[in-house]
Amino acid sequence: MSKEFLLEIGTEEIPSRFIGPALEKMKELFSHLLVSGRVASSGEIRTYGTPRRLVLYASELDERQADLSREVLGPPKKIAYDADGKPTKAALVFAEKNNVAADALGVKTTDKGEYVIARIDEKGGGTAAWLGQVLPGFILSIPFPKSMRWMDKDIRFARPIHWVLAISGGAVVEFELNGIKSGNVSRGHRFMSPGAFMVKDFKSYQFQAEPNFVVIDPEARKARIVKQVEELAQAKNGTVLADSGLVDEVMNLVEFPVAVMGAFNKEFLRVPKEVLITAMREHQRYFSVVDHTGNLLPYFITISNTRAEDMAVVQAGNERVLEARMSDAAYFYDHDVKVPLADRVEGLKKVTYQEKLGTVHDKVERVKKLSGHLAGIIKADAGTAERAAYLAKADLLSGVVGEFPKLQGVMGSTYALLSGEDPRVAAAIAEHYLPRFAGDALPKSLEGMCVGIADRIDTITGCFSAGLIPSGSEDPYGLRRQSVAILTMLFDRSMHLSLSALVAEACKGYGLKKSELNRIETDIIDFLRQRLAGMLTTEGLRSDVVEAALSGPFSDPLVAKEKVRALDAWRTSEDYRPLVTALKRAGNILPKDFSGAVKKGLLKEDAEKDLYTAYIDIKDRVKEKTVSLDFRGALADIASLRKPVDAFFDKVMVMDKDAEVKNNRLALLAGITGLFAGIADFSRLVLSAEESKNA
């Protein structure tokens, strides 16, 4: 027989960003707990949450734990019994420890000999009693980015716990959490219905939550928010500016969402809409309203956590707060536009970029030179790229960016246009920050891409030269993210670029000593290689294939990616497994750093002559195709060696007594394995047991 289970952890307001991950982890942890506790769940397990409660519901848990039979291995038989077959002290102690009679012990033969065993049968207990034992630990195991202590409690949680509701099959699951006793009572909305209400089961919990102004399901709150804000915006002939991230945040800030429309002075619309939208979103969590062309309307929508008798008071309060925010934004903007963007660049000499790497102005000069160099390679306009690089960081000294750091680049572009700069320069200033995160938009112009790559490679080079290299999960300068951004931009345009040459050029900007150059360049290229490997394995490509293809000389990411894809495609060929097996065998035979040329006159056996002929026939073609980046064609030619290679290993003794013959055969194998050198390191390819069997 199964029973439902309901757990509610009532707290003070938990930060919005904590709730979603906590609910996911609760479900995962509880599922693992059921397995370890031998409690079967034939129904669904769901989690719900608001700022003041985390809820877990299991519709059908078995009433009792499953019985368990297990064997415990004891001492060796020769120690457990004497010559007459009577149990020794070792056997008696083992039996007593496991609560079984000595004559109930058995003997089991293992790889190490015969050992005494105790067969233990554990009767499963009631699920409710078991839950009472494990729930305190379960609750305290829920992870949060930050936790806290409160009052005289010894426990830690995201926020102070005020009550715990725990019901199984209609009855309270009794336990105590550092003085907080479990019960069957929940509480309503803190302001609109602060009283308690009794809960019998999940159905009664759901039924009573709504009248007490609590919407326990985050998705239901989300749907209400979306519907309400859309209706309010439509009433003003507008639409809500799409912002899924804000919806997700706001839905976990309230228990009972009530959308409120407010207005602001139209005079503020002279300020760039990005500034106003950011002021509304970042500081107040307000939704912006736009017309059908995307222009901002003088309205906002906020989500209140209460339904007041006079919502006009709530509206007026929010309007007063926003008035102050927008006044500040307008003040900063009005003062910013009085100074041409180029005039701010000199001030960057007083802004430290990184204590070991100089000022932001130093970085600007390096990125400007690097942008000009890179522009010549990727066919961008060098003058536009250099001017954009020179102005790209100037908005850091503006008042708006000081107040709203997320508007870096956006305001630089705006101020550049107002200063009379070329629109292409202005666009590149904004674009050089793209992409900011995975899935973000990419630069539309080559100049924006040029400055973006130059800026990032300068940061990476500088950090590596200063020893600020990512370690484990620590990456304070975001070098992994910046590396992925560079690779993503190159792949998006299918653009070839030598990272080695680019890094070498970036190193010039830091005036590094020759003794440091090789090490730093090697470390950076390896770092970029690792980021590419991570990107490709995330796409579903096998890690051994990726490692094999990227193990050789690496510089052009597009070439490296094509090698990986060619090798992955070749895996489906019928020649793949047997040829890789043969090549691995050849690699094991070849001495380290072996070198030598094949002498045709020393070829004795027909099988080695046939292999040599086949090798000579494709050798030049493979090299030509590798140079022209036709890796798939090169692999197809190499695959044609499968049969002569198989015949060679079947009929030829490589390690001949005659040293010249032996070295000649090794030279032949070295030549064949060397065909792979420009594509992949075949020794890194891993064949599964099944693949090896079919080879």
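We count residues from 1, following the sequence as given.
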[X] vs [Y] side-chain heavy atoms within contact, under 4.5 Å:
| X | Y | result |
| --- | --- | --- |
| L558 | L490 | no |
| R565 | L541 | yes |
| R424 | E447 | no |
| K393 | L348 | yes |
| V229 | I303 | yes |
| F631 | L567 | no |
| I225 | V250 | yes |
| V503 | I525 | yes |

Please determine whether a side-chain nitrogen of the Lys or Arg among [X] and [Y] lies less than 4.0 Å from a carboxylate oxygen of the Asp or Glu.
| X | Y | answer |
| --- | --- | --- |
| D422 | R387 | no |
| D328 | R325 | no |
| K363 | D455 | yes |
| E249 | R17 | no |
| R159 | E13 | no |
| E386 | K368 | no |
| D568 | R542 | no |

[atom2] on [Y] to [atom1] on [X], rounded to 0.5 Å:
| X | Y | atom1 | atom2 | result |
| --- | --- | --- | --- | --- |
| T239 | H292 | OG1 | NE2 | 10.0 Å |
| D381 | C450 | CG | SG | 10.0 Å |
| I429 | D395 | CD1 | CG | 7.5 Å |
| K508 | K369 | NZ | NZ | 11.0 Å |
| L512 | S465 | CG | OG | 5.5 Å |
| R366 | I457 | CZ | CD1 | 13.0 Å |

Pair D620-K623, salt bridge (charged side-chain N to carboxylate O under 4.0 Å, His left out): steps then yes or no: CA-CA 5 Å; D620 291 338; K623 290 181 179 179; 5.2 Å; no
Verdict with reasoning, R270 to D334, per salt bridge (charged side-chain N to carboxylate O under 4.0 Å, His left out): CA-CA 10 Å; R270 63 183 175 76; D334 289 341; 2.6 Å; yes
Aromatic ring pairing F144/F18, orientation class (parallel under 30°, perpendicular over 60°, tilted between): tilted
Any donor-acceptor pair under 3.5 Å from R344 side chain to D336 backbone: yes
Less than 3.5 Å apart, any donor N or O on the side chain of [X] or [Y] sitting next to an acceptor on the other?
| X | Y | value |
| --- | --- | --- |
| Y286 | N318 | yes |
| S555 | S498 | yes |
| S683 | D681 | yes |
| Q284 | T302 | no |
| S147 | R156 | yes |
| T461 | D458 | no |
| Y477 | Q354 | yes |

Taking the six-membered ring for Trp, are the ring centroids of [X] and [Y] within less than 6.0 Å of each other?
| X | Y | result |
| --- | --- | --- |
| F264 | Y299 | no |
| F682 | W570 | no |
| H361 | Y353 | no |
| F287 | F300 | no |

More than 12 heavy atoms from other groups under 6.0 Å of NZ on K25: no
G245 to R281 - nearest heavy-atom pair and separation: C-NH2, 3.6 Å
Heavy-atom pair of closest approach, residues D475 and P470: OD1-CG, 3.4 Å
Test log, rule side-chain contact (heavy atoms from CB on, under 4.5 Å), inputs L269 and L276: CA-CA 8 Å; L269 292 177; L276 302 181; 4.2 Å; yes
